[in-house]
Number of protein chains: 2
Amino acid sequence: MKERRSSAKRDAILEVICSTDTHPTAEWVYTMLKPRYPGLSLGTVYRNLSEFRARGEIISVGIVGGQERFDGNTSQHAHLVCTKCGAVEDIGISSELDSGIVKEMEGDTFESESYRLTFYGTCKNCKNTG
Amino acid sequence: MKERRSSAKRDAILEVICSTDTHPTAEWVYTMLKPRYPGLSLGTVYRNLSEFRARGEIISVGIVGGQERFDGNTSQHAHLVCTKCGAVEDIGISSELDSGIVKEMEGDTFESESYRLTFYGTCKNCKNTG
DNA sequence: TTCGTTGCAAACATTTTGCAGTTTC
DNA sequence: GAAACTGCAAAATGTTTGCAACGAA
């Protein structure tokens with residue numbers, strides 16, 4: 001793997017992702033950091049997010065409303081995606097369910113390394129206001 | 001819902017999707033039908049796929065390698081996505097696992113309507129050749 | 001001095017859309 | 001004839017990339 005030099009901007013990008021539970025987009029990260037780093041470029045955000053994802057330092061929740069959503073919480077958990085407002089929430093899953101899911105793949109010719117479990121529906125907020 | 005008139009092209013698009021297990025992209029559908037319907041436009045494919053998806057006649061597997069993948073099999077099942085070649089395969093899940101997953105959501109403030117379970121890894125083909 | 005990192009803007013790829021012509025009912 | 005459907009091409013969108021300047025080791 002390539003040598004990695006220290007970079008305040010990269011550190012800040014990771015920190016922003018890890019200190020929120022909103023499952024942000026690249027653009028959101030950029031908007032959050034721009035005031036603090038006026039010279040920041042959107043390309044830099046994209047480049048660092050891709051690298052974090054490739055290294056497993058963050059995970060991708062998938063694409064919601066056309067934009068990729070990221071998550072600094074890399075432990076195994078599922079997600080709730082609101083199809084009305086696009087909000088993404090975490091939901092813990094029991095270890096029984098996790099092992100049940102993992103077991104489903106054992107012995108298959110397909111070699112699975114990870115899985116993603118996503119629920120689609122309406123979040124509390126949209127249910128009340130809508 | 002809007003009135004729906006008969007259309008040979010629309011029928012063909014749905015038929016192509018339902019008669020393959022490759023989980024095609026819009027472009028693939030277009031390429032497959034273009035010889036038979038020389039006047040076919042990519043926009044028409046996109047429009048009809050969106051409508052099918054909205055009506056629940058097909059489901060979206062999600063975006064793989066930047067392109068949305070579709071599935072004419074609308075019964076509950078999981079998917080395997082090869083991170084090397086982008087192949088998507090179906091995998092049936094036991095009814096016990098399905099109910100375990102559904103149960104995980106019961107009582108939550110989030111109102112879930114569906115879920116998507118996707119495994120990521122290496123397909124048989126890539127494992128052997130790579 | 002080396003080479004990783006970044007800003008900038010152009011390039012890219014997929015998907016969406018406006019509009020005018022066509023087809024279905 | 002009204003309204004749905006389509007082709008076409010332009011637009012919109014999110015993301016990637018080439019390159020020169022910058023910065024860390």
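Just so it is clear, the values below take in all heavy atoms, side chains as well, and ignore hydrogens, waters and symmetry mates.
The CD1 atom of B:I63 sits 12 Å away from the C1' atom of D:dT15 (whole-angstrom rounding). Straight-line distance from the CD atom of B:E3 to the P atom of C:dC25: 8 Å, rounded to whole Å. Note: CD (B:Q67) to P (D:dT15) measures 15 Å, nearest angstrom. The distance from atom NZ of B:K9 to atom P of C:dT23 is 9 Å, rounded to the nearest whole Å. Going from atom CZ of A:R5 over to atom C1' of C:dT1 covers 10 Å, rounded to whole Å. The distance between atom NZ of B:K2 and atom C1' of D:dC5, rounded to the nearest whole Å, is 8 Å. Between A:F70 atom CZ and D:dG14 atom P there is a gap of 13 Å when expressed in whole angstrom units.
In this structure, A:E68 reaches the sugar-phosphate backbone alone: every heavy-atom distance under 4.0 Å involves primed, P, OP1 or OP2 atoms, never a base.
Of the candidate nucleotides C:dT15, D:dC5, D:dA25, C:dT15 has the atom nearest to the side chain of B:A26.
In this structure, a donor-acceptor pair under 3.5 Å is present between the side chains of A:K84 and A:T122. Judged purely by distance below 3.5 Å, without hydrogens or angles, the side chains of A:E68 and A:S60 pair a donor atom with an acceptor atom. If you check the side chains of B:R47 and B:S50, you find no donor sitting under 3.5 Å from an acceptor.
Taking 4.0 angstrom as the limit, B:S7 places none of its side-chain polar atoms (N or O) nearer than this to OP1 or OP2 of C:dT24.
A donor-acceptor contact shorter than 3.5 Å links the side chain of A:N48 to the backbone of A:T44. Judged by distance alone, with hydrogens and angles left aside, the side-chain atoms of B:S99 form a donor-acceptor pair with the main-chain N or O of B:E96 at under 3.5 Å. Using a distance-only test at 3.5 Å, with no hydrogens or angles considered, a donor-acceptor pair links the side chain of A:R69 to the main chain of A:H23.
Checked by distance alone, B:R4 brings no side-chain donor or acceptor within 3.5 Å of a matching partner on the base of D:dA4.
Near DNA chain C, defined here as any heavy-atom distance below 4.0 Å, the residues from residues 10-19 of chain A are A:R10, listed numerically. Residues of residues 35-51 of chain B that place a heavy atom closer than 4.0 Å to DNA chain C, in numerical order, are B:Y46, B:R47, B:S50.
Every pair passing salt bridge (Lys or Arg N to Asp or Glu O under 4.0 Å) that includes a residue from residues 4-33 of chain A is listed here, sequence neighbours excluded: A:E3-A:R5, A:R4-A:E51, A:R4-A:E57, A:R10-A:E51.
Taking CD of A:Q76 as the reference point, atom OG of A:S114 lies at 8.0 Å (rounded to 0.5 Å).
Other residues, nucleotides and ligands contribute over 12 non-hydrogen atoms within 6.0 Å of the NZ atom of B:K34.
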